[in-house]
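Working notes for the structure below.
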Amino acid sequence: QVQLVESGGGLVQAGGSLRLSCAASGSIFSINAMAWYRQAPGKQRELVAIITTGGIANYADSVKGRFTLSRDNAKNTVILQMNSLKPEDTVVYYCHAGTYRSTNYYVGTGYWGQGTQVTVSS
């Protein structure tokens, strides 16, 4: 089992910045990547950014150039730095850890954080 603890999020004005952190503990040897997803009401959860244990990151087109995902392997933590935030970034963000076969495919369900709300006011 892997436990994920998220922190960060909150309310910010458009153009501002926020940082989300996700700390993993437990059987982390079973995971090879961590990611952030987001989900708007009535919509499917979408991948925002993913980073492998080797530090290779990929991003959704909608956040490229604005968001940066990094990791601290010593702390088993990934950090999503979100800059130039837009009102359309207002959703709940979820941390995910799993065994990924590709950017869009992971084995089983993986492990999910509890979600953190990001609200960007116009």
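Ion pairing between Lys64 and Asp61 holds under the 4.0 Å rule for side-chain N and carboxylate O.
Using modelled atom types, no side-chain atom of Tyr59 and backbone atom of Leu47 make a donor-acceptor pair closer than 3.5 Å. With hydrogens and angles disregarded, a donor-acceptor distance shorter than 3.5 Å links the side chain of His96 to the backbone of Thr109. Side chain of Thr90 to backbone of Val120: a donor-acceptor contact under 3.5 angstrom is found. At least one donor-acceptor pair under 3.5 Å links the side chain of Thr99 to the backbone N or O of Ser30. Using a distance-only test at 3.5 Å, with no hydrogens or angles considered, no donor-acceptor pair links the side chain of Gln39 to the main chain of Val91. Using a distance-only test at 3.5 Å, with no hydrogens or angles considered, a donor-acceptor pair links the side chain of Glu6 to the main chain of Gly115.
Put simply, OG on Ser21 and CZ on Arg71 are 13.0 Å apart, with the number rounded to the nearest 0.5 Å. Going from atom CG of Asn32 over to atom CZ of Arg101 covers 7.5 Å, rounded to the nearest 0.5 Å. Rounded to the nearest 0.5 Å, atoms CG (Leu85) and CG (Leu18) are 5.5 Å apart. With rounding to the nearest 0.5 angstrom, the OG atom of Ser62 is 5.5 Å from the CD atom of Glu46. We find the CD1-CD distance between Ile28 and Gln3 to be 10.5 Å, quoted to the nearest 0.5 Å. From Met34, atom CE reaches atom CD1 of Ile50 across 10.5 Å, with rounding to the nearest 0.5 Å.
The aromatic ring centroids of Trp36 and Phe67 lie 6.0 Å or more from each other. In this structure, the ring of Tyr100 has its center less than 6.0 angstrom from the ring center of Tyr106.
Contact between Ser84 and Asp89 at its shortest, heavy atoms only, is O-OD2, 4.5 Å. Here the closest heavy-atom approach between residue Gly9 and residue Thr116 is recorded as CA-OG1, 4.0 Å.
By the neighbour-count criterion of 12 heavy atoms within 6.0 Å, atom CZ of Arg45 is densely surrounded, having more than that number from other residues, nucleotides or ligands. Within a 6.0 Å radius of CD in Gln13, no more than 12 heavy atoms belonging to other residues, nucleotides or ligands are found.
Residues Ile79 and Leu69 are members of separate hydrophobic clusters, defined by side-chain heavy-atom contacts under 4.5 angstrom among Ile, Leu, Val, Met, Phe, Trp and Tyr. Val92 and Val63 fall into different hydrophobic clusters, where Ile, Leu, Val, Met, Phe, Trp and Tyr residues are linked whenever their side-chain heavy atoms come under 4.5 Å apart, directly or through other members.
Looking only at atom types and distance, the side chain of Arg38 has a donor-acceptor partner in the side chain of Tyr93 under 3.5 Å away. Asn83 and Ser17 form a side-chain donor-acceptor contact under 3.5 Å, judged by distance and modelled atom types alone.
Trp112 and Tyr94 have perpendicular rings, their planes meeting at more than 60° on a 0 to 90° scale where under 30° would count as parallel.
Here the options are Leu20, Ile51, Asp72, the test is side chain to side chain contact (heavy atoms under 4.5 Å, CB included), and the partner is Val78; only Ile51 passes.
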